Amino acid sequence: MHDYDEPVYLISIVSKVLDIHPQTLRQYEREGLVSPGRTEGKMRLYSAHDMDRIRMILNLTKELGVNLAGVDVIFRLQERIAEYEREIEELRAKILELGGETD
């Protein structure tokens, strides 16, 4: 079994599984929304993480009507929230280390 972030799926497979045109996947890459790996021959390889991210893009655009610029903003906000949550956990650990309470 492959690691969640390991790029193993060709663009044709991702396109078929997610039922989208390969050109749409290339557009998502140009927009910086996904970053597939590359083989030495420059073929795109997508990971399971990439596929989940593409599913999220499709949900946001098709189901919720968000444009690609909006998707980018949403992804950036999610990343910032995740960073803040990591910082909070680190601070909690430091407080516990110093003998304080976190609640």
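All values reported here derive from a predicted model rather than from experimental measurement. Position 1 is the first residue of the sequence; numbering continues from there.
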Counting C-beta onward and ignoring hydrogens, is there a side-chain heavy-atom pair between [X] and [Y] closer than 4.5 Å?
| X | Y | result |
| --- | --- | --- |
| Y9 | D50 | no |
| L10 | M43 | yes |
| V14 | L25 | yes |
| Y28 | L58 | yes |
| Y4 | D52 | yes |
| F75 | I57 | yes |
| Y46 | V8 | no |

Should the pair R38-E29 be classified as a salt bridge under the 4.0 Å nitrogen-to-oxygen rule?
yes
Hydrophobic cluster membership, L33 vs V73, 4.5 Å side-chain cutoff:
no
Taking a hydrophobic cluster as the set of Ile, Leu, Val, Met, Phe, Trp and Tyr residues connected by side-chain heavy atoms closer than 4.5 Å, whether directly or through intermediates, do L64 and I54 fall within one such cluster?
yes
Roughly how far, to the nearest 0.5 Å, is the NZ atom of K94 from the CD atom of E89?
13.0 Å
Do Q23 and R26 have a side chain donor and acceptor closer than 3.5 Å?
yes
For [X] and [Y], work out which heavy atoms get closest and say how close.
| X | Y | value |
| --- | --- | --- |
| R44 | P36 | CG-CG, 4.1 Å |
| M51 | L18 | O-CD1, 4.1 Å |
| P22 | S15 | CD-OG, 3.3 Å |

Worked check of salt bridge (charged side-chain N to carboxylate O under 4.0 Å, His left out) between R76 and E79
CA-CA 5 Å; R76 288 175 193 260; E79 289 168 9; over 6 Å; no
Would you find more than 12 non-hydrogen atoms of other residues, nucleotides or ligands less than 6.0 Å from M56 atom CE?
no
When you measure from the side chain of T61 to the backbone N and O of N67, does any donor-acceptor pair fall under 3.5 Å?
no
